[in-house]
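Each chain gets a letter, A, B and so on, in the order its sequence line appears, and its residues count up from 1. Bear in mind that the values here come from a model prediction, so they are computed numbers and not experimental data.
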Number of protein chains: 2
Amino acid sequence: MQGANDEVRVKLGDPAGRARRPRADAVRNRERVLEAAKVVFSQGGESASLEAVAREAGVGIGTLYRHFPTREALFEAVYRREVEQLVDLVQVLKAEASPAEALRLWLRANVAFVATKKGMLAALALATQKNPDLMAYSSDRLTRAVGELLARGVSTGEIRDDIGPEDVLRALIGMCYAQERPDWQASVLRLLDVFVDGLRKPGRPAA
Amino acid sequence: MQGANDEVRVKLGDPAGRARRPRADAVRNRERVLEAAKVVFSQGGESASLEAVAREAGVGIGTLYRHFPTREALFEAVYRREVEQLVDLVQVLKAEASPAEALRLWLRANVAFVATKKGMLAALALATQKNPDLMAYSSDRLTRAVGELLARGVSTGEIRDDIGPEDVLRALIGMCYAQERPDWQASVLRLLDVFVDGLRKPGRPAA
DNA sequence: CTTGCAAACGGAGGCACCCTCCATATTCTA
DNA sequence: TAGAATATGGAGGGTGCCTCCGTTTGCAAG
């Protein structure tokens, strides 16, 4: 029923027997859609229509759905890229500041990062609620990231040891959601200072 | 131009000369829609259709729109009721606990309250971003509420004086948004403890 | 009670968006 | 260069949003 026809796949230089490599136009269009989605979502958030994304990308709506079968799939792909940037920042800070200070700086960097993506945040709140896997990924990446900063502080005795990286992350993400006032950034920065002070071990006052 | 005809209005017992009182069925239907919306939004969040709300309420879609011209207006009306309950709680706690402890308890009560309304939270995030007035109302009410608790602590010297009620509220609301894990409540409660510790004046260790 | 009308009702209809499907076009391998 | 595999894109059926207006209902005066 299927003997000789398998040659086609075997000949393509993929030892695992997978299909041929993706076509060039498919790769290009996938990239275009991602780029367009980043722009459109940043402005209009969840309410932005996928047809607007396709239009912005210069592809048909069918092509968009071929690459990203659901709204969540597209959103997730866009979001993953953003997370990587934050993860990479940790290594830089570890080399440049003391444990508690590096933690504070990383948290502050997150605030600045978030500030440029207003439209995406409400959408993210929805997406993570509907699709736990998306949160699992970013949680994992960011938890490890902040975990490195935290562990360093614990090992030097500068930071208390009964708060985990998940807790810190929750506080950060949470605070940034409430961004309605003109001065929200200043408020979040103050809150982060209070929070980091609270994280210091008792008997080691902040100033 | 308008002499004798005003009698109709004057007779209705409204000194300001407003129109006659609303019809009974209008009042009843408005109530039904609000009740239905509370149910439907709590389940499906923002994605729930307004036509589903109308169906649940047993009224026509037109009637729903007559009372609440936009999705936001309906959502806002539902939300206002919820806020009142939290505001009222403050008076109870003020009578029952020390300043910092009352603050801690009130924040914890919020967590429990939020826990029953998962579906509405993401919707709320969207609504407040689109409609600043909704946030203005709840912010105002809740800020005053937490402000009472906070001021009491500041006056007794138990709580530092450089953090405003807005900041506390932001921390609370923010933390509660990140509710994806099974144990999110425990995490938020731990965070609140850290936060309240951070609020205590230096030189007054927590335990 | 009945009459008249302002107020409220409710759903049909036009529009935008969601997503699927498939005839056509493009790329890749041999 | 040919032909098969792969990708494209937009038409179309379905659903929800919101408006508009003919019909119904409650209210107050007679």
Q. Between A:Ser187 and A:Arg190, is any pair of side-chain heavy atoms under 4.5 Å apart?
A. yes
(Q) By the 4.0 Å heavy-atom rule, please label B:Leu64 as base, sugar-phosphate, or nothing. (A) nothing
Q) Roughly how far, to the nearest 0.5 Å, is CH2 of B:Trp106 from CG of B:Leu142? A) 5.0 Å
Q. To the nearest angstrom, how far is B:Arg32 atom CZ from C:dC9 atom C1'?
A.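 Result: 12 Å.
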Q) B:Ala26 has a side chain; which of D:dC27, D:dG16, C:dA8 sits nearest to it? A)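 In terms of side-chain proximity for B:Ala26, the closest of D:dC27, D:dG16, C:dA8 is C:dA8.
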Q.
Heavy-atom count check: over 12 atoms from other residues, nucleotides or ligands less than 6.0 Å from B:Arg28 CZ?
A.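 For B:Arg28, atom CZ is crowded (more than 12 foreign heavy atoms under 6.0 Å).
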Q. Starting at CG of A:Leu74 and ending at C1' of C:dC18, how long is that distance when rounded to a whole Å?
A.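 So the two atoms are 14 Å apart, to the nearest Å.
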Q: Could you check B:Ala24 against B:Pro69 and say which one's nearest nucleotide on DNA chain D is further toward the 5' end?
A: B:Pro69
Q) Below 3.5 Å, does any donor atom in the side chain of B:Arg23 face an acceptor in the base of C:dA7, or the other way round? A)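 Donor-acceptor pair under 3.5 Å: yes.
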(Q) If the cut-off is 4.0 Å, is A:His67 near the phosphate of D:dA7, judged by side-chain N/O to OP1 or OP2? (A) no
Q. Pick the nucleotide of DNA chain C nearest each of A:Gly62 and A:Ala52; which residue has the one closer to the 5' end?
A. A:Ala52
**Q.** Integer-rounded Å distance: D:dG9 C1' and A:Asp25 CG
**A.**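 The answer, rounded to whole Å, is 12 Å.
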Q. So, is A:Arg21 near the phosphate of C:dC28, with a side-chain N or O under 4.0 Å from OP1 or OP2?
A.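 Indeed not, no polar side-chain atom of A:Arg21 lies that close.
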Q. Which nucleotide sits closest to the side chain of B:Arg66: C:dA12, C:dA8, C:dT29?
A.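 It is C:dA8.
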Q: Kindly point out which of C:dT27, C:dA8, D:dC17 is positioned nearest to the side chain of B:Tyr65?
A: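 Ranking C:dT27, C:dA8, D:dC17 by closest atom to the B:Tyr65 side chain puts D:dC17 first.
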Q.
Could you tell me how far apart B:Glu56 (CD) and D:dG16 (P) are, to the nearest whole angstrom?
A.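 Distance check: B:Glu56 CD to D:dG16 P gives 15 Å.
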Q: Compare the minimum distances between each of D:dT25, C:dC17, C:dG10 and the side chain of A:Ser49, then state the nucleotide with the smallest one.
A: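 So the nucleotide nearest the side chain must be C:dC17.
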(Q) Return the CD to CG distance between A:Glu56 and A:Leu50, rounded to the nearest 0.5 Å. (A)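 Reported value, rounded in 0.5 Å steps: 13.5 Å.
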**Q.** Spacing between A:Arg30 atom CZ and D:dT8 atom P, to the nearest angstrom
**A.**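 My rounded result for the distance is 11 Å.
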Q. Considering only side-chain heavy atoms of A:Asn29, which listed nucleotide, C:dA8, D:dA7, D:dG10, is closest?
A.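 For the A:Asn29 side chain, the nearest candidate turns out to be D:dA7.
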Q. Roughly how many Å is it from CD1 in B:Ile61 to C1' in D:dC17, rounded to a whole number?
A. 8 Å
Q: Please state how far atom CZ in A:Arg55 lies from atom C1' in C:dC18, giving the value in whole angstrom units.
A: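 To the nearest whole Å, that distance equals 13 Å.
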Q) Looking only at heavy atoms, what is the nearest atom pair of B:Ser138 and B:Val83, with distance? A)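 Smallest interatomic distance, heavy atoms only, reads CB-CG2, 3.9 Å.
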Q: Can you figure out which of D:dA11, C:dG10, D:dC17 approaches the side chain of B:Leu50 most closely?
A: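 The nucleotide sitting nearest to the side chain is D:dC17.
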Q.
Which is more 5' along DNA chain C, the nucleotide nearest B:Val27 or the one nearest B:Glu51? Just name the residue.
A.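 By nearest-heavy-atom nucleotide position, the 5'-most residue is B:Val27.
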Q) Rounded to the Å, how far apart are A:Arg28 CZ and D:dG9 C1'? A) 14 Å
Q: Look at A:Thr63 and D:dA7 and indicate whether a side-chain polar atom (N or O) is within less than 4.0 Å of OP1 or OP2.
A: no
Q. What is the distance from atom CD of B:Glu76 to atom OH of B:Tyr137, rounded to the nearest 0.5 Å?
A.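 B:Glu76 atom CD to B:Tyr137 atom OH measures 9.0 Å (nearest 0.5 Å).
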